[in-house]
Structures are given as C-alpha cells and as structure tokens.
K.L.:
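Structure below; questions to follow.
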Amino acid sequence: SMSGGDELSGTGTVQANLNTNSGTITPGDGTDRTGTLNIEGNLNIGSGGTLLAHIDGVSAGEFDQLNVTGTVTLNANANLDVTQGTTTTNGTVILIQNDLADAVGGTFTGKADGSTVVINGQTFVISYQGNSGNDVVLSANAAPVIAGVVASQAVNDTATVDPFSG
C-alpha cells in the first residue's frame, strides 16, 4: 500500500495487490523512458493517487503501461498525469491493460469516458472500455463518437405543385 509522497516506478512485476492513496505509480523510469509494469493482483488508485505515464508513440514499447491481472478500480479523485515526448498521431495507447473480463471501476478525476484529454497540444479521447473492452486507452485523432439511435420512417404522402398558380 502506498501513501503520501510514495512513488513506484520502473518495469517488472508486483506480485501483490497495489493500492495507492496519494502516491504515484509510474511505469518506466518516471521521466522519458517508457516501460510496462505488471501487477499480479488488483489495482486500486485511491483518492489523491496518481498514474503518471509517458507517451513517445502508439506502437508497443513506445508508451507506459500497467498490465493488471486482477480488478482495476479508480476511486474518486484518482489522477492521471500523462507527458508526451513526440507527436503521436492516429493511434491508440493502452495505459491500463486489464486482463480480466470485468469492467474498470470508476474514472480518473475530470476524465469521463469519451472525454478529450489534451497532452502537449495533441487531443486524445479517453476510454475505459477500449482495446479488449475493459482497458483504459487514449486514442489520438479518434473519429467522433455519436451516441443514440437513428430511426427511419417511410413517407407515403403525395403532393402536387403547380408552379404557375399564383
């Protein structure tokens, strides 16, 4: 369990549940070297906890990632802080890969599902249902999402128009 000022950074595997309530989790080296941190247990980012991630591109190895084998819970006031080294275009970055079929619980503060996140001048859309349906992803230059149902109805009326009547 992590608390005020604690930081867990690097690559490798944590073979336990990981809980943070004001600490920072950062895969890679915490600055500009990307990496994957595997968590063989549940991930719980609590109030004031932060995921700090770095993006250099959209290909595997070019962005930080948490790979979680348990549940993923983002509590109220869980923070996401992302830095970007280069301009990333037309692609998806998987920040949290959740290997189970369960949904991600909660959202990062101020970052509802489908909202935009601007990083270094680049606009991304965040999703908590991305990739395999339950991962936290950022998509650059994503097509707009249109919610709702479009219904069609046939029109069988006939009208006569006389352009010479006055």
Side-chain angles (χ1 to χ4, degrees), residues 1-100 102-113 115-142:
S1 187
M2 301 169 56
S3 59
D6 291 346
E7 181 174 316
L8 174 63
S9 64
T11 59
T13 301
V14 175
Q15 294 179 322
N17 294 333
L18 183 57
N19 300 297
T20 181
N21 284 317
S22 69
T24 300
I25 302 168
T26 180
D29 72 355
T31 55
D32 62 357
R33 193 170 337 126
T34 61
T36 298
L37 183 60
N38 299 298
I39 301 169
E40 293 180 353
N42 300 327
L43 171 65
N44 179 30
I45 301 179
S47 180
T50 300
L51 171 59
L52 172 62
H54 184 77
I55 300 171
D56 277 332
V58 296
S59 297
E62 294 181 334
F63 52 86
D64 285 338
Q65 183 180 78
L66 292 176
N67 184 24
V68 182
T69 61
T71 61
V72 175
T73 304
L74 307 173
N75 291 300
N77 298 316
N79 300 301
L80 176 63
D81 186 4
V82 181
T83 61
Q84 183 180 18
T86 59
T87 302
T88 306
T89 58
N90 296 326
T92 298
V93 172
I94 305 166
L95 296 177
I96 301 176
Q97 174 109 13
N98 181 3
D99 81 330
L100 296 177
D102 60 317
V104 171
T107 62
F108 287 106
T109 299
K111 294 170 178 62
D113 192 60
S115 65
T116 58
V117 178
V118 178
I119 304 163
N120 198 26
Q122 174 120 20
T123 301
F124 293 83
V125 174
I126 191 167
S127 173
Y128 300 88
Q129 303 165 26
N131 192 35
S132 63
N134 63 343
D135 301 324
V136 179
V137 302
L138 293 175
S139 298
N141 298 328

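Computed from a predicted model, the values in this text were never measured in an experiment.
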K.L.:
Given 3.5 Å as the limit, does a donor-acceptor pair link the side chain of T71 with the main chain of V104, or not?
P.N.:
no
K.L.:
After noting the C-alpha distance and the side-chain angles of L37 and L8, does the key distance pass the side-chain contact (heavy atoms from CB on, under 4.5 Å) rule?
P.N.:
CA-CA 10 Å; L37 183 60; L8 174 63; 3.9 Å; yes
K.L.:
To check you understand the geometry: which heavy-atom pair defines the closest contact between L52 and P27, and what is its length?
P.N.:
O-CD, 3.6 Å
K.L.:
Quick check for you: to the nearest 0.5 Å, what is the distance between L43 atom CG and N98 atom CG?
P.N.:
9.0 Å
K.L.:
Can you tell me how far the CG atom of L80 sits from the CG atom of L74, to the nearest 0.5 Å?
P.N.:
9.0 Å
K.L.:
Take V117 and F108, measure what side-chain contact (heavy atoms from CB on, under 4.5 Å) needs, and give me the verdict at the end.
P.N.:
CA-CA 11 Å; V117 178; F108 287 106; over 6 Å; no
K.L.:
Any side-chain heavy atom of V82 sitting closer than 4.5 Å to one from I55?
P.N.:
yes
K.L.:
Do N67 and D99 have a side chain donor and acceptor closer than 3.5 Å?
P.N.:
no
K.L.:
If we ignore angles and hydrogens, is there a donor and acceptor under 3.5 Å between the side chains of N134 and S132?
P.N.:
yes
K.L.:
Just by modelled atom types, is the Y128 backbone N or O under 3.5 Å from a matching donor or acceptor in the D113 side chain?
P.N.:
yes
K.L.:
To the nearest 0.5 Å, how far apart are CD in E62 and NE2 in H54?
P.N.:
10.5 Å
K.L.:
If I take atom CG from residue N79 and atom CD1 from residue I25, how far apart are they, to the nearest 0.5 angstrom?
P.N.:
11.5 Å
K.L.:
What closest approach, in Å, do T26 and E7 show between heavy atoms, and which atom pair accounts for it?
P.N.:
CG2-OE2, 3.5 Å
K.L.:
Stepwise, does the side-chain contact (heavy atoms from CB on, under 4.5 Å) test hold for V136 with L51?
P.N.:
CA-CA 12 Å; V136 179; L51 171 59; over 6 Å; no
K.L.:
Got a second to check how far I94's CD1 is from S127's OG, nearest 0.5 Å?
P.N.:
11.0 Å
K.L.:
Does the pair L66 and V72 meet the rule for a side-chain contact (heavy atoms from CB on, under 4.5 Å), with working shown?
P.N.:
CA-CA 10 Å; L66 292 176; V72 175; over 6 Å; no
K.L.:
Applying side chain to side chain contact (heavy atoms under 4.5 Å, CB included) between Q84 and each of L138, I119, V93, report the one that passes.
P.N.:
I119
K.L.:
What are the two closest heavy atoms between T109 and N77, and how far apart are they?
P.N.:
OG1-CA, 2.8 Å
K.L.:
What is the minimum heavy-atom distance between F63 and G57, and which atoms define it?
P.N.:
CD2-O, 3.5 Å
K.L.:
Rounded to the nearest 0.5 Å, what's the gap from CD on Q129 to CG on D135? Could you check?
P.N.:
11.0 Å
K.L.:
Taking atom types as modelled, is there a side-chain donor on T11 or T36 under 3.5 Å from an acceptor on the other?
P.N.:
no
K.L.:
With a 3.5 Å distance limit and no angle check, can you tell me whether N42 reaches the backbone of G70 through a side-chain donor-acceptor pair?
P.N.:
no
K.L.:
Answer yes if the side chains of N44 and T73 hold a donor-acceptor pair under 3.5 Å, and no otherwise.
P.N.:
no
K.L.:
Using side-chain heavy atoms (C-beta onward) and a distance below 4.5 Å, is N75 in contact with S47?
P.N.:
no
